[in-house]
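What follows is one structure encoded as structure tokens, with my remarks underneath.
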Protein chains: 2
Amino acid sequence: MPDSPTGLRPTPPPSRYGSRPTMKDVAARAGVGLKTVSRVVNGEPGVTAETESRVRSAIDALGFRRNDSARILRKGRTASIGLVLEDLADPFYSPLSRAVEDRARANASLLFTGSSAEVPEREQELVLALCARRVDGLVIIPAGDDHRYLEPELAAGVAVVFVDRPAGHIDADTVLTDNAGGSRDAVAHLIAHGHRRIGFIGDQVGIHTADERVRGYRQAMEAAGLPIAAGWVSMGPTTPERVRVEMARMLGGSEPVTAFFMGNNRVTVTAVRVLADCPRPAALIGFDDFELADLLRPGVTVVAQDPIRLGRTAADLLFRRLDGADEPPRRVELPARLITRGSGEIAPTVV
Amino acid sequence: MPDSPTGLRPTPPPSRYGSRPTMKDVAARAGVGLKTVSRVVNGEPGVTAETESRVRSAIDALGFRRNDSARILRKGRTASIGLVLEDLADPFYSPLSRAVEDRARANASLLFTGSSAEVPEREQELVLALCARRVDGLVIIPAGDDHRYLEPELAAGVAVVFVDRPAGHIDADTVLTDNAGGSRDAVAHLIAHGHRRIGFIGDQVGIHTADERVRGYRQAMEAAGLPIAAGWVSMGPTTPERVRVEMARMLGGSEPVTAFFMGNNRVTVTAVRVLADCPRPAALIGFDDFELADLLRPGVTVVAQDPIRLGRTAADLLFRRLDGADEPPRRVELPARLITRGSGEIAPTVV
DNA sequence: TTGAAAGCGTTACCAA
DNA sequence: TTGGTAACGCTTTCAA
């Protein structure tokens, strides 16, 4: 087409969004009724083979794809679920995501994922956006500690499962790791290897997993009748800098620790670096397994969670609800497992 | 409520899916028109403060949430994009996913994710399911090599960007790493350190990245005027068993290799294990960085891709198209970077 | 400032 | 075996 008559906008920008063909278009082209097309598209019975093939040709010729927004609007169920976690890129959560995804797939559902970055407002924003999309269910690794905003969704029948940390002020299915138990096992293991002065470095107070892990540490020390000196427990941001400072402090002084129990794998990795440069060997156990822990020298003993099982269990609970299970909310606690590799079996150095 | 009069089903199972309130319900409760509710919900101007507060009270009382399926059906755009990759849990892809997610967020879009497990049929199934959901765009790490099935979507204006591997039989934006270049650099680095007999173990022939990486290996050897013996290149499944066998073979015989260049990080990790038990030290460089590579002794020299940048670039191309950019498809190639850590700087052992 | 009515593309229901 | 017609819950358009 030549220049426009007005001479103003030479050519109107070509409409990028070529409108898609609808069932109506297919019906017109195939010379059948709209409902017949719907039947073919959805594999419903009651269509002659001949009619069906006419419809299929029209579908292919036009490149028709059913518009699921309209379908969802009509049917109610969206066949999609949402997963909100702290960080998609965190190696601990990615197997969990994958497990949830596998279950979603098995249940013919699509999966929305989103990272809250530990910011409660972002969690809520994401969750509500997913609710507006009318996801059938939600798997949430909570960043916030008040989930009352979900009450309308629960009332409307949206299935919600919390993972890794409990929900706040709301009664819903929850899948947790036995953090305290795992920590008890780890610390008891160090004690069994002769350690009496054991340091703990964990995440910020207030984070559920962090709190539970110190709790397990204290329980194990107490059960063994061991005192805990003031400086042996350190909670705070898990930056390498802080961890280095705290380790140096605990390794110095008149009552140096001979072993460390670390509250998460970020801290553990920093600890490995510190101990590599440390003249006096100290034992080390970390909470959470990490890749290549067995390749290091010594191998790093850890208390491992099972992120795949965590995700699978959560998704199973979710789909059980979606299948109509009408039981009170459950709280499932999965065990953590001690994996010995060497670093946790180092005997205390006599001072 | 007491037993039902019939005595049959004591209480009908409570309808799990309490129908949600709609704008109509809110309007009725607030005593205003439907459109006024819509205005308030969407922050449109032209509503008295007093009317607005009446509407807001009704919204809160009813727990109303806008139904985005209906909204999408009317508006056309879904404000969501899809990401289809090989495996959500693969540590290489999770930072890429996160980068795409960040960009989606910045563009007020939600993200669907799905794993193809390298199965072309599954890729197509996932992609088409996402298209039925009318995602605005797709980021695809292809499993298959024929993407003509996407023609109707491209025609309809769906933005599609391929990452990590090229699309098949279709012209679309693509973001790749310079695999051949990175491999050339790695092998040249080994040659510069005195190696003449260098083995390569890579993934299956036919996988684009695998092919490109052997190509780079051959180019570097050729550029240095070095012959490549028949047994020095091995392509196939990257199972630990095969890698062990092939390494043993290359390290034995009359012309043993003195260095290895590994085609991906799975192979590299196996190689680290093998070399740890190997009396004669061999140099090692791996394609793809991996966590803790610097903590091993020696640290593992690698050619690193930048998965975050890969994801970010792809998402940026995507949203640029969605913002109306009307340019021919681009092919962006990002550099790979050699990171020296020790294992690649070991001198050849004289035989 | 407000609201009534039409329509988005599908499925449900019923009639032919 | 087929195909109207009325929803689904919202946004758009236009009139009050």
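Backbone-only contact: B:Arg66 has heavy atoms under 4.0 Å from sugar-phosphate atoms and none from a base. Counting any heavy atom pair closer than 4.0 Å across all strands shown, B:Lys35 reaches a base atom. Note on A:Ile72: nothing from the nucleic acid sits closer than 4.0 angstrom, heavy atoms only.
Looking at A:Asn42, its side chain never comes within 3.5 Å of a backbone N or O of A:Glu44 through a donor-acceptor pair. Side-chain N or O atoms of B:Arg54 include one that pairs as donor or acceptor with a backbone N or O of B:Ala30 at under 3.5 Å.
Atoms CG (B:Leu73) and P (D:dT12) sit 12 Å apart, rounded to a whole Å. Put simply, CG on B:Asp25 is 11 Å from P on D:dC8, counting in whole angstrom units. In this structure, the NZ atom of B:Lys75 is 11 Å from the P atom of D:dT13, given to the nearest Å. Spacing between atom CG of B:Asp68 and atom P of D:dC10 amounts to 9 Å, rounded to whole angstrom units. A:Met23 has its CE atom 20 Å from the P atom of C:dG7, to the nearest Å. Taking atom NZ of residue B:Lys24 and atom P of nucleotide C:dA4, one finds them 12 Å apart after rounding to whole Å. What separates CG of B:Asn67 from P of D:dC10 is a distance of 6 Å, to the nearest Å.
If you check distances only, the side chain of A:Arg74 never reaches the base of D:dG9 with a donor-acceptor pair under 3.5 Å. Residue side chain B:Arg39 reaches the base of C:dG3 through a donor-acceptor N/O pair under 3.5 Å, judged by distance alone. One cannot find a donor-acceptor pair under 3.5 Å joining the base of C:dT10 and the side-chain atoms of A:Arg71.
Between A:Leu111 and A:Val100, the closest side-chain pair of non-hydrogen atoms falls below 4.5 Å. Taking 4.5 Å as the limit, every side-chain heavy atom of B:Pro329 sits out of range of all side-chain heavy atoms of B:Thr174. At least one side-chain heavy atom of A:Val127 sits under 4.5 Å from a side-chain heavy atom of A:Leu138. Residues A:Phe319 and A:Ser109 are in side-chain contact: their nearest non-hydrogen atoms beyond the backbone lie under 4.5 Å apart.
Sorted by residue number, the list of members of residues 53-64 of chain B with any non-hydrogen atom under 4.0 Å from DNA chain C is empty. Within a heavy-atom distance below 4.0 Å of DNA chain C, the residues of residues 42-52 of chain B found are B:Gly46, B:Val47, B:Thr48, B:Thr51.
Residue-environment remark: CD1 (B:Ile170) exceeds the threshold of 12 foreign heavy atoms within 6.0 Å. Within 6.0 Å of CG in A:Asp145 there are 12 or fewer heavy atoms belonging to other residues, nucleotides or ligands.
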Under the criterion salt bridge (charged side-chain N to carboxylate O under 4.0 Å, His left out), I'd like the reasoning laid out for B:Glu50 against B:Arg56: C-alpha separation, chi angles, the key distance, then a yes or no. CA-CA 10 Å; B:Glu50 203 255 305; B:Arg56 290 215 181 280; over 6 Å; no

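Of the side-chain N and O atoms in A:Ser38, none sit less than 4.0 angstrom from OP1 or OP2 of C:dT10.
If you check the side chains of A:Glu86 and A:Ser116, you find no donor sitting under 3.5 Å from an acceptor.
Where A:Leu34 and B:Val32 meet DNA chain C, the nucleotide closest to each residue was compared, and B:Val32 sits on the side nearer the 5' end.
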